[in-house]
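To keep things clear, I will list the structure first and then write my remarks on it.
When a ligand or atom number is given, it counts from 1 through the structure's own listing order. Please read all numbers here as calculations on a predicted model, not as lab measurements. Every heavy atom of this structure was used, including side-chain atoms; hydrogens, water molecules and symmetry mates were not.
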Amino acid sequence: MYKLNKKIADLKPYDPVEGTYKIRLDANESCFNFNSEIKAEIGKAIQAVDYNRYPDPNASDLCSAFANYYSISSSNVVAGNGSDELISVIMSAFLMKGEAMAVIEPDFSMYRFYSSIAEVNCIGIEKNPDLSVDINRVIETVNKENVKLIIFSNPCNPTSRGIESAEVIKLVSSVNALVVLDEAYMDFWENSLLQQVSNYSNLIILRTASKAVGAAALRLGFAVANTTIINAIKAVKSPYNVNTISQIIGTIIYNNVKYLYNVKNTIVSNRLELYNSLNSISLKYPARLQITQGTTNFIYIKTCEAKEIYNYLLQNSVAIRYMGEYIRISTGTKEENAELISLLNKYFS
Ligand SMILES: *Cc1c(COP(=O)(O)O)cnc(C)c1O
């Protein structure tokens with residue numbers, strides 16, 4: 001009888017919050033769908049698709065639009081079917097079976113997941129108790145343990161904290177390991193290394209269209225690195241990894257610079273407002289709720305009532321993310337945030 005091997009036998013399919021809820025604040029998506037002008041532009045462009053033909057394997061138009069938006073060269077860019085695909089491709093191609101990689105925990109759980117599929121040894125470096133990162137300790141561990149690849153999100157999901165770019169540069173220039181810097185939330189903070197990527201032989205930056213850009217449905221991610229690394233990723237990825245429809249819509253959205261800029265600013269201001277409202281609740285109940293000031297589109301909250309709060313909100317059709325001693329709440333629209341706050345006020349009184 002056929003048996004699943006031990007690396008996959010106990011895996012469970014990824015299970016986001018199930019069911020339909022009026023307000024979704026659980027997955028760090030953008031709270032804004034495309035506006036009607038952009039939807040009309042997309043509708044027109046989709047009419048001209050040759051559905052019988054394979055997509056452009058280099059996603060050239062899309063990579064150019066992305067590169068223009070961030071003022072970098074498209075020769076430093078490769079597109080993926082979400083950055084998740086790129087994380088998986090990078091781990092399986094840039095590491096040999098059994099080699100060591102490192103993560104800085106707590107961090108995005110998919111890193112460890114893909115490392116186990118790639119059959120590499122994943123070392124966890126603990127963050128400080130206040131969730132900041134001791135870069136010197138990270139450098140020391142990477143060099144001592146012969147780590148070949150280190151991956152982390154900056155700003156971090158789930159903590160929402162950022163590491164200043166000077167600190168990241170210190171890490172990149174002090175190790176021989178490949179540094180995979182996941183800037184999924186860097187649109188919300190101004191410490192990107194995108195402009196400097198070609199100065200380093202060992203740096204890959206990941207970006208996604210799933211957060212600030214508001215296009216999670218399309219599955220679009222990007223790796224940015226020097227051309228040697230980019231050509232290697234192009235050679236190992238599956239040839240038609242990004243479908244034609246996503247390429248076309250992605251190109252349109254990255255060309256709408258003003259729209260993206262406005263949406264991003266609105267999200268940041270909603271996040272600040274949400275932080276202030278949550279903070280005033282935590283000032284009233286300091287023993288029950290501790291809020292971390294963040295640099296993303298979500299807020300990470302320590303509370304020993306995580307499960308109770310999560311369930312209470314779900315019963316009222318508001319989905320957030322439950323994470324043990326913490327909850328993570330993505331910012332919604334002003335109206336959604338107001339409803340969340342009024343429910344939380346009811347819960348705490
Ligand atoms: C959401 C997220 C991503 C995005 O993944 P996609 O596959 O592009 O949707 C990547 N990294 C982190 C840390 C994230 O939170």
Side-chain angles (χ1 to χ4, degrees), residues 13-17 24-31 59 62-63 66 69-70 77-92 101-115 117 122 127 131 133 149-163 168 179-189 191-194 204-224 233 237-238 241-243 246-247 249-250 253-254 264 267 271 292 294-300 319-321 323 326-331:
Y14 185 72
D15 182 19
V17 177
R24 293 292 302 264
L25 308 175
D26 58 303
N28 296 344
E29 298 146 326
S30 171
C31 49
L62 171 66
C63 289
F66 171 88
Y69 181 69
Y70 290 107
V77 180
V78 57
N81 188 4
S83 39
D84 256 277
E85 183 206 16
L86 294 168
I87 295 167
S88 164
V89 165
I90 289 166
M91 277 184 199
S92 46
M101 61 165 276
V103 293
I104 311 174
E105 286 172 327
D107 203 345
F108 192 42
S109 59
M110 299 312 285
Y111 306 148
R112 239 180 213 284
F113 170 75
Y114 290 123
S115 78
I117 301 294
C122 188
K127 287 184 176 164
L131 301 174
V133 173
L149 182 155
I150 176 165
I151 184 166
F152 59 99
S153 55
N154 189 39
C156 172
N157 173 15
T159 70
S160 194
R161 292 190 60 139
I163 308 170
V168 180
V179 177
V180 183
L181 172 60
D182 184 349
E183 294 190 340
Y185 301 93
M186 194 53 93
D187 294 289
F188 305 114
W189 199 43
N191 270 267
S192 178
L193 290 187
L194 276 181
I204 300 179
I205 299 177
L206 300 176
R207 303 291 291 230
T208 176
S210 303
K211 307 289 156 58
V213 172
L218 300 180
R219 309 304 301 123
L220 287 176
F222 300 87
V224 182
I233 298 174
K237 76 177 183 70
S238 70
N241 58 331
V242 182
N243 74 75
S246 291
Q247 290 191 31
I249 302 175
I253 195 75
Y254 281 107
K264 176 183 79 174
I267 293 171
R271 197 266 337 272
T292 317
T295 53
T296 61
N297 64 335
F298 58 88
I299 293 169
Y300 194 50
I320 62 165
R321 184 77 191 268
M323 314 182 89
Y326 289 86
I327 50 176
R328 193 194 65 195
I329 305 181
S330 319
T331 185

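For ligand 1, one of its N or O atoms has an N or O atom of Arg219 under 3.5 Å away. Polar contact check, Asn157 against ligand 1: a nitrogen or oxygen pair lies under 3.5 Å apart.
In this structure, Arg328 contributes its side chain and Asp26 its backbone to a donor-acceptor pair below 3.5 Å. A distance-only check finds no donor-acceptor pair linking the side chain of Thr296 to the backbone of Ser160 [under 3.5 Å]. Looking at Lys211, its side chain never comes within 3.5 Å of a backbone N or O of Asn28 through a donor-acceptor pair.
Neither the backbone nor the side chain of Glu85 has a heavy atom within less than 4.0 Å of ligand 1. Contacts between Met110 and ligand 1 below 4.0 angstrom, taking non-hydrogen atoms only, are absent altogether. In Ser83, the parts holding a heavy atom less than 4.0 Å from any atom of ligand 1 are both the side chain and the backbone.
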Step-by-step side-chain hydrogen bond (donor to acceptor under 3.5 Å, both in side chains) determination, Asn243 to Ser246: CA-CA 6 Å; Asn243 74 75; Ser246 291; 3.2 Å; yes
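Between the side chains of Thr331 and Asn297, no donor N or O sits under 3.5 Å from an acceptor N or O.
Comparing Asp107, Asp182, Leu220, Ile151 against atom 10 (C) of ligand 1, the shortest heavy-atom distance belongs to Asp182.
Under a 4.0 Å criterion applied to the non-hydrogen atoms of Tyr185, ligand 1 contributes the atoms 1 (C), 14 (C), 15 (O). For ligand 1, the atoms closer than 4.0 angstrom to any heavy atom of Ser153 are 13 (C). Each of the atoms 6 (P), 8 (O), 9 (O) of ligand 1 lies under 4.0 Å from some heavy atom of Ser210. Set against the non-hydrogen atoms of Gly82, the atoms of ligand 1 under 4.0 Å away are 7 (O), 8 (O).
You'll find the ring centres of Tyr70 and Phe222 outside the 6.0 Å limit.
Atom 2 (C) of ligand 1 has as its closest protein heavy atom Lys211 NZ, 2.4 Å.
Tyr111 has its side chain out of reach of Val180: every pair of non-hydrogen atoms, C-beta onward, lies at least 4.5 Å apart.
Ring pair Tyr254/Phe66 is perpendicular by interplanar angle, where above 60° counts as perpendicular and below 30° as parallel.
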